[in-house]
Amino acid sequence: MLDFYGTLAEATEVGPTFDDVLIDLGYTPQGRQSWELLATEAAEHAEHSTSREAYVAWEHARLRQFAEQAGVPASASASVADALIETSKAYRLRLYDETIEVLDALTDRGVRLALCSNWDWDLPDHLTELGLDHYFTPTVVSARAGARKPHPRIYTHLVDGLGCMPSQVLFVGDTWDADVEGPLAHGMR
């Protein structure tokens with residue numbers, strides 16, 4: 001079981017920060033309290049993960065609320081949320097140099113690979129673009145699973161998709177709470 005970002009790939013280019021977007025649009029960010037709205041680690045959001053449309057609408061609503069808490073008037077928050085969504089998708093991904101070699105070596109040894117990532121709805125499209133889609137069964141993405149790591153729901157979704165016991169899963173990732181503590185608490189190695 002592999003995490004995606006920071007484990008298999010990284011961003012080589014990223015767009016401006018949310019604060020930069022607010023400043024460019026003429027707003028002054030109102031401090032870090034507004035960022036708490038976006039801190040969804042370990043949060044369950046199953047009701048918003050029923051479809052891509054539902055998930056995108058939830059993202060947009062959260063970013064409107066974020067914008068308003070950052071000082072944007074409600075009348076302008078929808079257009080600011082659009083700009084924030086656009087910047088959050090402004091990145092270029094690059095596989096680490098050894099990623100393909102390691103994945104090939106593991107599959108040649110008969111190791112079944114799965115992917116579990118805190119990512120938006122479209123990670124499977126990125127995997128296809130990067131030539132990774134054929135390595136993983138299943139691919140579990142927080143946007144579709146209804147919870148972000150380290151919430152137990154995403155690990156249950158993963159184990160159910162694998163059709164095995166948690167103790168049979170070796171979880172590999174780069175983030176302590178999401179890729180070590182969460183899997184250990186769920187009975188994985």
Side-chain angles (χ1 to χ4, degrees), residues 1-16 38 40-46 48-60 62-63 84-164 166 168-183 186 188-189:
M1 176 62 252
L2 297 162
D3 171 52
F4 176 66
Y5 191 81
T7 303
L8 301 175
E10 65 182 346
T12 58
E13 297 175 24
V14 294
L38 299 178
T40 58
E41 294 303 310
E44 187 170 357
H45 51 80
H48 306 292
S49 295
T50 56
S51 68
R52 184 181 193 286
E53 294 76 23
Y55 187 80
V56 169
W58 178 61
E59 272 189 311
H60 195 269
R62 288 175 56 235
L63 287 171
L84 294 173
I85 286 173
E86 183 177 328
T87 197
S88 73
K89 311 295 184 206
Y91 52 81
R92 182 180 311 275
L93 295 171
R94 178 189 84 80
L95 296 177
Y96 291 122
D97 294 339
E98 65 278 4
T99 296
I100 297 295
E101 179 183 340
V102 170
L103 295 177
D104 285 342
L106 290 169
T107 55
D108 289 348
R109 292 175 66 185
V111 176
R112 180 175 176 198
L113 301 175
L115 190 91
C116 184
S117 182
N118 285 344
W119 202 271
D120 67 24
W121 197 269
D122 300 321
L123 181 58
D125 296 336
H126 294 299
L127 295 177
T128 299
E129 292 167 11
L130 293 168
L132 297 181
D133 53 320
H134 66 281
Y135 287 104
F136 307 109
T137 305
T139 295
V140 177
V141 181
S142 59
R144 296 175 185 222
R148 292 177 57 84
K149 298 180 292 182
H151 192 282
R153 177 185 181 92
I154 194 167
Y155 305 118
T156 298
H157 196 80
L158 166 67
V159 171
D160 289 350
L162 288 168
C164 67
Q168 296 174 291
V169 177
L170 174 64
F171 202 104
V172 178
D174 69 310
T175 306
W176 185 256
D177 60 341
D179 301 327
V180 178
E181 290 177 342
H186 204 74
M188 297 181 231
R189 295 177 288 136

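Everything quoted here is computed from the prediction, not taken from an experiment. Note that these values count all heavy atoms, side chains included, but never hydrogens, waters or copies made by symmetry.
Contact between Tyr96 and Thr7 at its shortest, heavy atoms only, is CD1-O, 3.5 Å. Residue Trp119 comes nearest to Val141 through the heavy atom pair O-CG1, 3.2 Å, listed as atom of the first residue, atom of the second, then distance. The two atoms that bring Arg112 and Leu162 nearest to each other are NH1-O, 2.8 Å, heavy atoms only. Between Val140 and Leu158 the shortest heavy-atom distance is CG2-CA, 3.8 Å. In terms of heavy-atom proximity, Val159 sits nearest to Met188 at CG2-CE, 4.1 Å. Here the closest heavy-atom approach between residue Trp121 and residue Thr50 is recorded as CH2-C, 4.4 Å.
A side chain to side chain contact (heavy atoms under 4.5 Å, CB included) with Val169 is found for exactly one of Cys116, Pro183, Cys164, namely Cys164.
For the pair Thr87 (side chain) and Gly15 (backbone), a donor-acceptor distance under 3.5 Å is absent. In this structure a side-chain-to-backbone donor-acceptor pair under 3.5 Å is present from Asn118 to Lys149.
Around the CD atom of Glu181, the shell of radius 6.0 Å holds more than 12 heavy atoms that belong to other residues, nucleotides or ligands.
Here CG of Leu113 is found 10.5 Å from CG of Leu132. Values are rounded to the nearest 0.5 Å. The line from CG of Leu123 to CZ of Phe4 is 5.5 Å long, rounded to the nearest 0.5 Å. Put simply, CG on Leu130 and OG1 on Thr99 are 9.5 Å apart, with the number rounded to the nearest 0.5 Å.
Classification of Glu10 and Arg92 as a salt-bridged pair fails, no side-chain N sitting under 4.0 Å from a carboxylate O.
Between Tyr55 and His60, the distance separating the two ring centers is not shorter than 6.0 angstrom.
Side-chain contact annotation: Asp174 with Tyr5, donor-acceptor N/O pair under 3.5 Å absent.
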